[in-house]
Structure formats: structure tokens, C-alpha cells
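Quick note on labels: first sequence line is chain A, next is B, and so on, each numbered from 1.
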There are 2 protein chains.
Amino acid sequence: MDNIKRLDQRIELLRPILGFEGVTFQQLREIADCSFEKSYSKGELIFDQGEKCEFFYIVMKGLVKVSIYGSSGNKITYLLAGTGEPLNLVGPFTGNPRYLSAESIENTSILLLRNEDFLAYTYRHPVVIKNIMSILGYAIDSANDKILDMIEKRVEQRLIKVLHTLQKKFGQRLKFTSRDFAELAGTTTESTLRAMAQFRKRGMIKSNRGEIIILDPGFMENQGFEVYWV
Amino acid sequence: MDNIKRLDQRIELLRPILGFEGVTFQQLREIADCSFEKSYSKGELIFDQGEKCEFFYIVMKGLVKVSIYGSSGNKITYLLAGTGEPLNLVGPFTGNPRYLSAESIENTSILLLRNEDFLAYTYRHPVVIKNIMSILGYAIDSANDKILDMIEKRVEQRLIKVLHTLQKKFGQRLKFTSRDFAELAGTTTESTLRAMAQFRKRGMIKSNRGEIIILDPGFMENQGFEVYWV
DNA sequence: CGAGCAATATGATGGCCGTCATAGACGAAC
DNA sequence: GTTCGTCTATGACGGCCATCATATTGCTCG
């Protein structure tokens, strides 16, 4: 009974993502049926870079940070996945390890699906393939955009872009640390803190420990800022 | 007669790429049949960013530079495609414009395939999908790697990495200008020239106008340098 | 509650590298 | 041959920002 309820939950989770809109309940049921859940507490590692990929991961509840580490201990965050968002679109197709690691930054519940099950499903639904390609396209464009920004934008501007992006996704109250923002903008914690001090002086934001509140959401819109894809 | 010969050429071109190995001659023939060719002279624009994507492009002969432009006139090169390499893997699936432009840097001949024809084909051959996913995965990883390098590596090191990468792909004689190298490493022409002067002093390279010759190919191997994906 | 750790905050320093400037050399086009 | 654009080359300057250092505050956990 409780089991049926959980299945329904999973189906409702799957419906809006990846172009499953046109898919029947019965078909979604099929895929939900061979999935299982796993819980991670805040700060736990979900998978690490270099590991073989055996499962397709979708966030059911919570928030996950997908990052990549540099050889000098630097780290950049490249995806913040919330409810309904997949963590690894490429892995299930190749099974190969990639340079990604995923870490929960809240208590998180993940839906796992074996590669084969996910693939069998996608191959029967070309629209899903199309959607995945589209997402990967955005990921590539966004990464290249970030490279350009590393060249031609200074830290302050990159941080505003990050704030703007996160605002679009999470609203005006952003529960992240300066370290998180730094990893998203490709800079250091110190520079981030200095920039935030500026933003505060200008009345753009206010902040508490572990969160930043954007005071004038319209401000950044008017600057012609694009958003990253996270 | 000449027509048949050209078709055979195209089939031979298609065979080694994208996982077409297991595909029969007849099937390749099918796809080669509805393709056509187009020639571009050196420096010509093949497609520009923001354009709708109607065709799938494969380089038959020559060399193509795929780049993205920044708002301040900066430009980074993200793919150097030679014979048999595709220019736009994502476009055909979505049809949407992306932030990419392609320019021939030699006299080039391109094989074009209408989106629908390419897609119909890939959907019937899951292995092709798998291969495309794999390539896109590399592209994403490589782009993220470059972002990290922008943070933690200096210009000289990035340029060595670029030289190393190009050497793997094109051999010791690299017919590119300093501007080309700069666009690949994410820096300016001046800084590239200065770095090259250093490399020359150290006996790593010698150079003529429009080309660089790597003298000690083993040198960079021993440095533990990874290569970019271009 | 105290210990310990993470997050915030800010100053000082130094160097990488982007920018601007100038100049010569080579090649292409007419 | 002449002109012009591109490529190569190198110097001078200055500013952004990473790094190091130190201090304070707030949260968590035994």
C-alpha cells in the first residue's frame, strides 16, 4: 500500500522531466517499477570522479552540487540539481567514468535507475533522446560561455551573473556560502567576500551566515546579464 | 559513373565515424544517398552563431575551426574538425540555434545531411546515439577542464597543453598562427608570442610564419600533461 | 557549556598578464 | 613594383586578483 504510494510519487516526479510528458501512465509505471531510492545526509558524497557509472540518478528531494576538482585543489561547481533533475545524463550511455563528483548540500533523496533500464526506455522514446541532447547542448554552451567570462569579465561581474542565475532558479533567498558562490564563479572565497561587501554597500543584497538575500531582483535584469545554466 | 564513385567516397568517409562500423554497406549507401557536398574556400564562414540548424555537417576534406565569440570581441576556439569529423552533433536533434560558429581555415569540402535524414538514421542505430553521447561527454568534460585551467594554470602551461593536444592530432608541424593558439588557450596574441619566444629559447619549438614545429615531442609527454579535446 | 570548526571579514603584498604602443617582415593582390 | 593587411616581435605600464595573514563570529556536537 505504502509501496504503491511511493510508486505514484516517483511517476509524478518523472513526468515533468526529460520530455516524459507524452508518455502514458502505464509506461511511466514501468520505469518507476525498477527504480529504487537512496538517502544521503548533508555533505555526503553521492559519486566521485573516476568511478564507473552504473546508475542514472535523479534528485527526488534536496539539493545536489555536481563539481569537478583541479589538480591544485581548486574546485568548480557546474550543476546544482534540485527535485526532478538528473545528475548524470551521459554516464548511463557510456558507462565510462567521467570527471564529475556529486555531493549533497542538503539532506537528499535520490532515485536510482540501472543504466540498462534507463537506456532501454530512452531508446523506445526518441523524444527523450532529443531532450537529453538539448540539455547537453546547453551544458556545453554554458561551459564555453564561462570560459569566455573567465577571459573578459572580472570577478564582480561573474558573481553578479551567478547571483542572477541562482535567483532565477531558487528565488531571492539563496542559502549558499561564499565558498559555494566562489566555486560557481570560478574565483576564491576571499574575492567573493570582498565583492559581496561591495554589493552590500550598494544595497544590492543583504546577508546572514550561510545565506544571501537579493534585495533588488530587477537590478540585474536591467544590466543585460545572461544567465548560466546550472 | 562519377556519381557512383563519389557515393563510395562518402560511404568510406562515414564508415569510421560515429560508430558506423557495424553498419552494412547498403545502409551506409542509404544515408550517403541523401547527402550532398558543399565547398568553402579558406576563411569562409560555414555557419554563424544564432542561426537555426537545418543540416548535419561532416568535414570531408580540409580543416574547420568551431568557435564562440564573447561580447567584447574575444573569441575562443573549441573544436578543430578535420576529415571525417562532425561539426554539430547537437543541432540536428533540436534544430535550435546555438552559440557556435564554424569557419574553414583551409579550403574545405563539407558533407551535408538534412536533420531528418540524420536523425531517422541514428534512431535506428542505438550505437550511434551512444557514440554521440560519449563525444558530448568528452566535450563537456574538456570545457570544464579548461575552466579549471583558466583558474589554476598560467598562460605558458595552457599553451603547452594546447601544443601537446594539437601535436597528438596533427603531428609535430602545426600550421596555425599565434592568434589561433591564443584562441585555443584562452589568452591574447601578445602573450602567446611572448610564451612562444620562451619555448624557442628553451629549444622546445622552432617557428616560421604561420607554423610552429615541435622539436622534442617527448618533452611534453613527460610533464604529465593531459590533452584537451579539440 | 566549552571546544572546535566553518564562515565571515579585511588588510597587505606581489606578480601575472592584458592593454597599448611601435616596428619590422612576409605574403597577396593589383 | 607598390601597397596593404596579417603575422611576428618586444617594451612599458598598470590593475586585477590570488595568496597569505590575522581576527571575529556563529553553529554544532559531544
Using atom CD1 of A:I212 as one end and atom C1' of C:dT8 as the other, report the distance to the nearest whole Å.
-> 11 Å
Given C:dT8, C:dC17, D:dT8, which nucleotide is nearest the side-chain atoms of B:L193?
-> D:dT8
Report the distance from atom CG of A:D149 to atom C1' of C:dG18, rounded to the nearest whole Å.
-> 17 Å
Candidates C:dG18, C:dT19, D:dT8 - which lies nearest the side chain of B:T187 = C:dG18
Rounded distance in Å - NZ (A:K206) to P (C:dT8) = 16 Å
Start with the C-alpha gap between B:M196 and B:Q198, add the side-chain angles, then the distance that decides, and say whether side chain to side chain contact (heavy atoms under 4.5 Å, CB included) holds.
-> CA-CA 5 Å; B:M196 292 300 180; B:Q198 281 300 314; over 6 Å; no
Rounding to a whole Å, what distance do you find between A:L174:CG and C:dA7:C1'?
-> 17 Å
Distance test, side-chain N/O of A:S178 to OP1/OP2 of C:dA7, below 4.0 Å | no
Ring centroid separation A:F47 to A:Y57 under 6.0 Å = yes
In B/S/- notation, 5' to 3', how is nucleotides 23-30 of chain D contacted by protein heavy atoms closer than 4.0 Å?
-> --BBS---
Could you say whether B:S207 or B:I151 is positioned toward the 5' end of DNA chain D, judged by the nucleotide with the nearest heavy atom to each?
-> B:S207
Please state how far atom CG in B:D180 lies from atom C1' in D:dC7, giving the value in whole angstrom units.
-> 11 Å
Atom-pair distance (CD on A:Q198; P on C:dT8), nearest Å = 17 Å
Shortest non-hydrogen pair, A:I110 vs A:V64, comes out as CD1-CG2, 4.1 Å
Which residue, B:E156 or A:T189, contacts DNA chain C at a nucleotide closer to its 5' end, judged by nearest heavy atom?
-> A:T189
Winner on side-chain proximity to A:S191, out of C:dA9, D:dC17, C:dA21, is D:dC17
Trace of the salt bridge (Lys or Arg N to Asp or Glu O under 4.0 Å) decision for A:K75 with A:E103 = CA-CA 12 Å; A:K75 179 173 163 188; A:E103 177 194 347; 3.4 Å; yes
Identify which nucleotide among C:dG11, D:dA18, D:dC16 has an atom closest to any side-chain atom of A:R194, counting heavy atoms from C-beta outward.
-> C:dG11
Centroid-centroid distance, B:Y78 to B:Y228, less than 6.0 Å = no
Would you name the heavy atoms of A:C53 and A:N115 that are closest together and state the gap between them?
-> O-ND2, 2.8 Å
Starting at CD of A:E190 and ending at C1' of C:dT10, how long is that distance when rounded to a whole Å?
-> 10 Å
Please give, in whole Å, the distance from C:dC26 C1' to B:E211 CD?
-> 13 Å
Heavy atoms under 4.0 Å, any strand shown: does A:R200 hit a base, just sugar-phosphate, or nothing?
-> sugar-phosphate
Taking the six-membered ring for Trp, is the centroid-to-centroid distance between A:F170 and A:F176 below 6.0 Å?
-> yes
